[in-house]
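Everything on this sheet refers to the single structure shown next.
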Amino acid sequence: MTSSQLQSPSRRQSAQAVQAAVRRNKPQFRPLKVAGEVVLGVVVLAFLFPIIFTFFSALKPNGEIFSQPPSLIGSEIRWQNFVEVFNYTPFLRFIVNGLIISISGTIIVVAVSSLAAYSFGILKWRGRDKYMLLYLATMMIPQEVLVIPMFLLMQKFGWINSWQALILPWAFGAFGAFLLRQFFINIPYELVEASRMDGCSQWGTFTRIILPLAKPSLAVLGVWTFITFWNSFLWPLIVVNDVNQLGNVSLGLQTFFGEHGSSWNLVMAASVIAILPTLIMVIALQKHLVKGIATVGLAGR
Amino acid sequence: MTAISNKTVQRRIPDPAAPIKRKKKSDSRAALGFLTPSAVGMTVFILFPTILAVATSFFNWPTFGDISFAGLGNYRNLFAPGSQFPAALVNTLVFTLLVVPINLVLTLSTAFWVSTSRFSRLYRVLFFLPVVTPTVATAVIWKLIYQPNGLVDSTMQSLFGIHLPNLLGDSSTALLAVVVVIIWQGFGYNMLIFSAAIDQLPQDILDASKLDGAHGLTQLLRIKLPLLTPAIFFASTVTMISAFQMFSEPFVMTAGGPGTSTVTVVMNVYQTAFQGGELGAAAAPAIILFVLILVVTMIQWLGQKKWVHYDQ
């Protein structure tokens, strides 16, 4: 007789007991609970209303944006608003630019951070924790303090209005290294020792043992970095001269708004175009994103 | 007593392994190798610029043209008549003082509420959507909502027959209107942090407190809130730092106006440097903001002993 067979009857019994207890405590229908759910649902809907409203406004004729009383759906549904946006402004270009910048930025951040995190989380060397603290301290320096010297640096490098200026300057923050280190220190050290014992080099241990184990945390960092790059605004505003060539979606939307500010239906269509990529990403990758924030929040103690 | 014995145990355990380790090379050379890309990048793009930022603030440093030493001139000019900096500083402080407490109270209570729902996972993601929406899009959307005859105004008209003033065009309401947007946008982030913390509340303590007679509100105030103070500390620090750095929303929605009623310090930095072409004069408010963030974070860090409960 295996242990599972031994356990199963008692486990079934206890499960039944729990179910019975739950049934006793919980009547089938609890009006207060249902009412609470309904109210919460309404609150969530109201919270999301600006986004819902944007989608509907993007499909209206421009004359009906301010119609009284307010209505979501106009006299006609104008999908051609989106076509017009793409005709007026190279939004496709902005999306491609955003992808180029965000993907290269993300690759660099994940690569550099995981290397540093291996050093801080796995390797043993003197002064390690002191240097980690120093790294963490740099997270206190806000981007806004750095934009002026960074602009000077870009001038010196001749990088104004270039891809590398959009990608490199913000790819070396301590955040990624810190986040990954928090995951790495939970990897059993015996695995590292065993792989070293088997003759694996440090590089081999890093690529064959640590990285595969750390995939979920790399995904968390990757998603978060991508979104940060994708949504960046202040720095592109400073370093990009030719919006049509190097602009991302944020910069493109701001320019479009400046030029067609009175065509609210088109501005809303452009906003929908700006919102959709991250919206889809969050819904598709919610698990990684949510986990990442939660980890950072809980590790922040 | 237990702490001491723990320490000795911890010390004793690695000892048998130590000779094996000592035979091998220390990891320090490998550590240097793995750290180099990050360290080089950080030196070039963070440490050096930080020093340069401080230096720049002591020079007359036009975007194009000759550079000359200015001493404290840039800092003195911030408070000279006609300077926007005092208004920007006051606005930034008011923004922060409004955004941080309102955000924390709303997100924490919503996190508790949502945690009781059977759709809590879905709701967390939905509340999170504005966080990942490009700020420019958020600002543009809310600008439309705030227009005269826009969503807010027309709703008020049809419900109460009140015609609102131009919310963003009136200096008495513009700042509050922007605050609402900032809170809306940042809501999901803190809510997620609180939700994660609520999920991890230790069940044994909650059960024990129930046995001791703590239910409902008592349990919430006496047991759950103290257990959540680390998360509250983290969320308040992060929210405060980002409120101090506010730029995109007011820049797109009001460009600082009407008058100077929504100018922020970062906007002041941007306008002086990249619209006025005075990099040195712009570095000074940036440094002041940096010092302000450092000091307030320090105070919070030191003050946390008084109200943050850590489990160890």
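These numbers were taken from a predicted model, which means no experiment stands behind them. Side chains included, hydrogens not; waters and symmetry mates left out as well; all remaining heavy atoms used. We name chains A, B, ... by the order of the sequence lines, and we start the count at 1 in each one.
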message: Between A/Phe172 and B/Val40, is there a side-chain heavy-atom distance shorter than 4.5 Å?
response: no

query: In terms of heavy-atom proximity below 4.5 Å to chain B, should A/Ser250 be classed as side chain, backbone, both, or neither?
result: both

- request: Compare every heavy atom of B/Trp113 with every heavy atom of A/Gly36, then report the nearest pair and how far apart it is.
  value: O-CZ2, 4.0 Å

query: Using non-hydrogen atoms only, which part of A/Leu152 is less than 4.5 Å away from chain B: side chain, backbone, both, or neither?
result: side chain

- prompt: Under a 4.5 Å heavy-atom cutoff, which of A/Val249, A/Val44, A/Val282, A/Val112 has the most pairs with chain B?
  reply: A/Val44

query: Between CD of A/Glu144 and OG1 of B/Thr264, what distance do you get to the nearest 0.5 Å?
result: 9.0 Å

- prompt: Atom CG of B/Leu279 and atom CD of A/Gln155: how far apart are they, to the nearest 0.5 Å?
  reply: 7.0 Å

task: For chain B, find which of A/Ile283, A/Leu168, A/Val147, A/Val267 contributes the most heavy-atom pairs closer than 4.5 angstrom.
output: A/Leu168

- request: Side chain from CB out, backbone as N, CA, C, O: work out which of these in A/Met139 comes under 4.5 Å of a heavy atom of chain B, or both, or neither.
  value: neither

- prompt: What part of A/Tyr118 is in contact with chain B, defined as an atom under 4.5 angstrom from a non-hydrogen atom: side chain, backbone, both or neither?
  reply: side chain

message: Out of A/Ile275, A/Leu48, A/Leu237, A/Asn248, return the one with the most heavy atom pairs under 4.5 angstrom to chain B.
response: A/Leu237

message: Counting only non-hydrogen atoms closer than 4.5 Å, does B/Ala273 touch chain A with its backbone (N, CA, C, O), its side chain (CB onward), both, or neither?
response: side chain

- prompt: Between B/Ile141, B/Leu32, B/Thr116, which shows the greatest number of heavy-atom pairs under 4.5 Å with chain A?
  reply: B/Ile141

- prompt: So A/Trp170 and B/Phe45, side-chain contact (heavy atoms from CB on, under 4.5 Å) or not? Walk me through it.
  reply: CA-CA 7 Å; A/Trp170 312 107; B/Phe45 292 116; over 6 Å; no

message: Is B/Pro285 close to chain A through its backbone or its side chain, or both, or neither, when contacts mean heavy atoms under 4.5 Å?
response: neither

- request: Identify which of B/Ser242, B/Ala31, B/Pro130 forms the greatest number of heavy-atom pairs closer than 4.5 Å to chain A.
  value: B/Ala31

A/Met268, part contacting chain B, at a heavy-atom distance under 4.5 Å: side chain

task: Taking all heavy atoms of B/Met42 and all of A/Gly173, pick out the closest pair and write down the distance.
output: CE-C, 4.1 Å

- prompt: Can B/Leu129 and A/Leu279 be said to form a side-chain contact (heavy atoms from CB on, under 4.5 Å), step by step?
  reply: CA-CA 7 Å; B/Leu129 292 181; A/Leu279 206 75; 3.7 Å; yes

- line: Of B/Phe48, B/Tyr123, B/Trp61, the largest count of non-hydrogen pairs under 4.5 angstrom with chain A goes to B/Tyr123

field: Atom pair CD1 (A/Ile141) and CG (B/Leu47), whose distance is rounded to the nearest 0.5 Å
entry: 6.5 Å

- request: Sort out for me which of B/Ala55, B/Ser117, B/Ala286 touches chain A most, counting heavy-atom pairs under 4.5 Å.
  value: B/Ser117

- request: Count the heavy-atom pairs under 4.5 Å between each of A/Trp230, A/Trp203, A/Trp125 and chain B, then report the option with the highest count.
  value: A/Trp125

statement: When the 4.5 angstrom heavy-atom criterion is applied to B/Ser154 and chain A, the contacting part is both

field: Point-to-point distance, once rounded to the nearest 0.5 Å, from CG of A/Leu253 to OG1 of B/Thr135
entry: 10.0 Å

- prompt: Tell me, side chain or backbone of A/Val272 under 4.5 Å from chain B's heavy atoms, or both, or neither?
  reply: neither

- prompt: B/Trp184 and A/Phe47: aromatic ring centres closer than 6.0 Å?
  reply: yes

query: Is A/Leu40 close to B/Phe119 at the side-chain level, that is, under 4.5 Å between some pair of heavy atoms?
result: no

Sub-4.5 Å side-chain heavy-atom contact between B/Leu289 and A/Val145: no

task: Select one option (side chain, backbone, both, neither) describing which atoms of B/Thr56 are under 4.5 Å from chain A's heavy atoms.
output: side chain

- request: Pick one of side chain, backbone, both or neither for A/Ala177, based on which atoms fall under 4.5 Å of a heavy atom in chain B.
  value: neither

task: Against chain A, label B/Phe251 side chain, backbone, both or neither, depending on which of its atoms sit under 4.5 Å from a heavy atom there.
output: side chain

task: To the nearest 0.5 angstrom, please state how far the NZ atom of A/Lys33 sits from the CZ atom of B/Arg118.
output: 8.0 Å

query: Between A/Pro149 and B/Ala53, which heavy-atom pair has the shortest distance, and what is it?
result: CG-CB, 3.7 Å

query: With only heavy atoms counted, which part of A/Val39 is less than 4.5 Å from chain B, the side chain, the backbone, both or neither?
result: both

- request: Examine whether an atom of B/Thr63 lies under 4.5 Å from a heavy atom of chain A, and if so say whether it belongs to the side chain, the backbone or both; otherwise answer neither.
  value: both

- prompt: Is chain A contacted by the side chain of B/Ala235, its backbone, both, or neither, given a heavy-atom distance below 4.5 Å?
  reply: neither

message: With heavy-atom distances below 4.5 Å as the criterion, would you say the side chains of A/Phe256 and B/Val140 are in contact?
response: no

message: Show the nearest heavy-atom pair for residues B/Phe34 and A/Ser119, with the distance to one decimal.
response: CB-CB, 4.0 Å

- prompt: So which of B/Ile46, B/Leu144, B/Val266, B/Val132 has the biggest tally of heavy-atom pairs under 4.5 Å with chain A?
  reply: B/Leu144

message: Within the 4.5 Å heavy-atom criterion, are A/Thr278 and B/Pro134 side-chain neighbours or not?
response: yes

field: Close side-chain approach of B/Tyr270 to A/Ile238, heavy-atom, < 4.5 Å
entry: yes

- prompt: Is the OH atom of A/Tyr131 crowded by more than 12 outside heavy atoms at less than 6.0 Å?
  reply: no

query: So what's closer than 4.5 Å to chain A heavy atoms on B/Phe274: side chain, backbone, both or neither?
result: side chain

- prompt: In terms of heavy-atom proximity below 4.5 Å to chain A, should B/Ser158 be classed as side chain, backbone, both, or neither?
  reply: side chain

- prompt: So with a 6.0 Å cut-off around CE of A/Met140, is the heavy-atom count from everything else above 12?
  reply: yes

task: Search all heavy atoms of A/Pro142 against all heavy atoms of B/Ile293 and return the closest pair with its distance.
output: CG-CD1, 4.1 Å

message: Which atoms of A/Ala117 are under 4.5 Å from chain B, going by heavy atoms: the side chain, the backbone, both sets, or neither?
response: neither

field: Option in A/Ile51, A/Ile108, A/Leu276, A/Leu234 with maximal non-hydrogen atom pairs under 4.5 Å from chain B
entry: A/Leu234

Greatest number of heavy atom pairs closer than 4.5 Å to chain B - which of A/Ser271, A/Gly127, A/Pro169: A/Pro169

- prompt: Below 4.5 Å, heavy atoms only, C-beta onward: do A/Phe257 and B/Lys143 meet side chain to side chain?
  reply: yes

task: Could you look at B/Val54 and say if it's the side chain, the backbone, both or neither that has a heavy atom under 4.5 Å from chain A?
output: neither

field: Interatomic distance, A/Gln143 atom CD to B/Gln245 atom CD [nearest 0.5 angstrom]
entry: 8.0 Å

- prompt: Taking all non-hydrogen atoms of both residues, which atom of B/Val44 and which atom of A/Leu153 are closest, and how far apart?
  reply: O-CD2, 3.5 Å

message: More than 12 heavy atoms of other residues, nucleotides or ligands under 6.0 Å from CG of B/Leu159: yes or no?
response: yes

field: Donor-acceptor contact below 3.5 Å, side chain A/Gln254 vs main chain B/Val252
entry: no

